[in-house]
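Reading through the structure tokens given below for one structure.
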Protein chains: 2
Amino acid sequence: MSILADVARIAGVSKSTASRALSGRGYVSEDTRRKVEQAAAELGYVVSTAAASLVTGRTRNVGVVIPYINRWYFGEVLEGIEASLIQAGYDLTLYRLSSDAELRRRVFDYFLVRKRVDAVISVAIALSPHEVHMLQALGKPLVGIGGLIPGIPSLSIDDVETARLATEHLISLGHRRIMHVGGDQHEQMDFRVHSQRYIGFERALREAGITVDDDFRDAEFSIQGGYAAGLAVLGDPRTRPTAIFAGCDEIAIGIMVAARQLGISIPNELSVIGIDGHPLAETFGLTTLVQHPGDQGARAVELLLGQIDATADGPPKEHLVLPTTLTVRSSTAVRREAPVAQA
Amino acid sequence: MSILADVARIAGVSKSTASRALSGRGYVSEDTRRKVEQAAAELGYVVSTAAASLVTGRTRNVGVVIPYINRWYFGEVLEGIEASLIQAGYDLTLYRLSSDAELRRRVFDYFLVRKRVDAVISVAIALSPHEVHMLQALGKPLVGIGGLIPGIPSLSIDDVETARLATEHLISLGHRRIMHVGGDQHEQMDFRVHSQRYIGFERALREAGITVDDDFRDAEFSIQGGYAAGLAVLGDPRTRPTAIFAGCDEIAIGIMVAARQLGISIPNELSVIGIDGHPLAETFGLTTLVQHPGDQGARAVELLLGQIDATADGPPKEHLVLPTTLTVRSSTAVRREAPVAQA
DNA sequence: GCCACATCGGGAACCGGTTCCAGGAAGCAC
DNA sequence: GTGCTTCCTGGAACCGGTTCCCGATGTGGC
């Protein structure tokens, strides 16, 4: 374990010159820079981040709070964030926040507050004003993904509009008896994504002058969740919808599996549309509105690094809305007249 | 931002006493401890980890290197590690290693070497002797999950034996024309898991005196991968196996989806078995050998913390073998005589 | 009453960098 | 030549804790 003083000695310069040479700040002649770099390489020198950040106050480390790791959307976002941070020479410290309030408090009060991280990315977590304020008071930039937090820059798709488009697609195919299978709207964690999508769904129906009662069923955001909901919703031919807008692709796929098992033909007897662009959507021929979570992660890092480099309180607290694109596959089709349903 | 000196002043003691009171090391009377703690609470004081680790040399931070985030097994392991580390007051710094050799070099030479982490957990990554040596030279404990690295403690299931058991299950049901759909055995990343499972598969066949040619097909470790391989393998009735041992549950499920699409009935015409205990296995009625990746992550942390606390080079460099249990569902059944196959 | 020992608190060195400041050398215009 | 700016370097203070060492006090045994 060599230290800067060793490098300086070997290179025949002072500590301060060695520091300047290696960090690239301040004046150093090309000649001495080479000497210092060579000495450093020779000794296998690496800076002590602890010492450096003690004096500079910056850690080159970003904290990420995220509710799930093992769900497609979140995994993708995380991968995108990680790749971008490494690229920029930053470390990523991961905090998974479950619904455990005590854990959450600890993460904020203990982990994030210590001068461990320069900034925080919050993925699909509805931060409380108190939490936001705390981080801002510490001067730590904050970027949100997957929903908007008042006062901080964030980026996400437009959940209302995306849901509306998905539903509209079904309506344009002639469907009237449409159901939405999505997440529990009262779940706090997930940034109100669920309720936003429900609102978009309702809006599309309203615009088309369609009234349905019993138009919603909640499901866990997974294939299993979709499967269970599908079995429940599709079981009775008399009440069965002709089309389902699923809250995400995983739910949609679960519904397709359930339909297949119940002998319901897709898209002849049932159309299904999702949101995400999950890799399985292609395998299952699922029509979906595609988003790119990995890119969202990368963009969030960009925004964040911009804020870190900005000489404090400069840049706009913007909210970036990302586009989604409709990819039509074989899970949606024009409604056949009176498939089975007849009350 | 209050510092220790402020706390000491408010409490009316010296810096050293304040430090002892807060860290719990050394003699401090109960009375002064209370005073210091109260002062700290009042000021909202939190230690600067940078300053602390500069002098102690410990960061309370563990690095995790992992090849994937968005695959079930890896996500589960990561969740297990994260939960245990937080519990123990440690941070988790995440490094995703893709097949990019340059990235890998950077992570090891630059990120892990800086005194950022106290220890490293390597998930399913076959570390080179050089990499192991480097970390050990730095005195950083190292634990492996999902395969064994010579000289360092690690834990994993017995891939050979698990694969043998899975195959044996198929054989015991009367199957003879058995195929293994698994990962590419030459892939470096994945810790030779693939080749180990193939070896177990072959061993079971050999023990039963079965010879099959064309008994292997490689697939990506995902539902899509299994689906693609399934279509290819099951297309021709003349060469179709009566049972498939899949390298993991996701592949198995992909095969089941493909079979259903091809009109092949499971388990009447085809038995499928996997490895993992993926939550979807239950949904799909998949027979599988269950492992618990989350627990593996937790155990790895235990091992690691044990090593950190040990007064250097103490504990055994053990390799922990974890059990897997066979869960029989409806995807495997006794072989029906001459289903379709007849060359 | 004295000594040994445990308990408690303060002073100061130290961890390993970064940066401010001062000062010297060199280049250029006048 | 002088005065100014620009380039380069070294000395020293400093970031915010931890810990070693030493002295003071209290306590119990003989």
Side-chain angles (χ1 to χ4, degrees), chain A residues 1-37 39-40 43-61 89 91 110 113-118 138-139 311, chain B residues 1-40 43-61 89 110 113-118 138-139 311:
Chain A
M1 278 300 79
S2 56
I3 63 174
L4 185 63
D6 297 340
V7 175
R9 192 162 32 73
I10 299 285
V13 298
S14 71
K15 256 174 67 180
S16 41
T17 302
S19 173
R20 267 176 304 219
L22 293 174
S23 69
R25 278 182 292 271
Y27 292 118
V28 178
S29 75
E30 197 46 46
D31 202 37
T32 53
R33 155 166 295 126
R34 255 198 302 278
K35 273 194 302 190
V36 172
E37 267 166 2
L43 294 173
Y45 169 80
V46 256
V47 289
S48 157
T49 50
S53 67
L54 176 56
V55 44
T56 60
R58 304 169 98 225
T59 61
R60 296 191 76 76
N61 187 20
D91 278 329
Y110 179 64
V113 164
R114 301 185 311 174
K115 322 200 166 161
R116 265 289 166 78
V117 297
D118 286 342
L138 264 56
T311 30
Chain B
M1 276 300 80
S2 56
I3 63 174
L4 185 63
D6 298 339
V7 176
R9 192 164 31 74
I10 300 285
V13 297
S14 72
K15 256 176 67 179
S16 40
T17 302
S19 173
R20 268 178 305 228
L22 293 174
S23 69
R25 278 181 291 271
Y27 293 117
V28 179
S29 73
E30 197 46 46
D31 204 39
T32 53
R33 152 166 298 125
R34 256 198 302 278
K35 273 193 302 191
V36 172
E37 267 165 4
Q38 196 186 324
L43 294 173
Y45 169 80
V46 256
V47 289
S48 156
T49 50
S53 67
L54 177 56
V55 44
T56 61
R58 303 170 97 223
T59 60
R60 296 191 76 76
N61 186 21
Y110 178 65
V113 163
R114 300 184 314 173
K115 322 201 165 160
R116 264 290 166 79
V117 298
D118 286 342
L138 264 58
T311 30

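Residue numbering restarts at 1 for every chain, and letters A, B, ... go by the order of the sequence lines. The model shown is predicted, which means the values in this text are computed figures rather than measured ones. Keep in mind that the numbers below use all heavy atoms, side chains included, and drop hydrogens, waters and symmetry copies.
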Roughly, in whole Å, what's the span from [atom1] in [X] to [atom2] in [N]?
X	N	atom1	atom2	answer
B:L43	D:dG16	CG	C1'	15 Å
B:D31	D:dG26	CG	P	14 Å
A:K15	C:dT19	NZ	P	13 Å
A:L22	C:dG16	CG	P	16 Å
B:R25	D:dC20	CZ	P	10 Å
A:R9	D:dG10	CZ	C1'	17 Å
B:R34	C:dC8	CZ	C1'	15 Å
B:L54	C:dG17	CG	P	9 Å

Tell me if a side-chain donor or acceptor on A:T56 pairs with a main-chain N or O of A:A52 at a distance below 3.5 Å. yes
State, to 0.1 Å, how close [X] and [Y] come at their nearest heavy-atom pair, and which atoms those are.
X	Y	answer
A:G24	A:R33	CA-NH2, 3.9 Å
B:A5	B:K15	CA-CG, 4.0 Å
B:S53	B:R58	CB-O, 2.8 Å
A:G57	A:D118	O-OD1, 4.1 Å

Partners meeting side-chain contact (heavy atoms from CB on, under 4.5 Å) with [X] (sequence neighbours left out):
X	result
A:L22	A:L4, A:V36, A:E37, A:A40, A:Y45
B:S16	B:S14, B:R20
A:S23	A:R25

Please list, for nucleotides 20-22 of chain C, all pairs of protein and nucleotide N/O atoms separated by less than 3.5 Å.
none

Pick base, sugar-phosphate or nothing for A:L4, based on heavy-atom distances below 4.0 Å to the nucleic acid. base
Contact under 4.0 Å: [X] side-chain N or O vs [N] OP1/OP2:
X	N	answer
A:S19	C:dT18	yes
B:T17	C:dG10	yes
A:S48	C:dG16	no
B:Y45	D:dG16	no

To the nearest 0.5 Å, atom NZ of B:K35 lies from atom CD1 of B:I10 at 12.5 Å
Roughly how far, to the nearest 0.5 Å, is CG of B:N61 from CG of A:D91? 7.5 Å
If you restrict it to nitrogen or oxygen atoms, what contacts under 3.5 Å exist between nucleotides 3-8 of chain D and the protein, and what is each distance?
from, atom 1, to, atom 2, distance (Å)
D:dC7, OP2, A:Y27, OH, 2.5

B:S14 side chain, from C-beta outward: closest of D:dG10, C:dG10, C:dG17: C:dG10
Terminal axes of the helix from C:dG1-D:dC30 to C:dC30-D:dG1 (5 end pairs apiece), angle rounded to 10 degrees, sit apart by 40°
Are B:L54 and A:S48 packed together at the side-chain level, in the sense that at least one heavy-atom pair is separated by less than 4.5 angstrom? yes
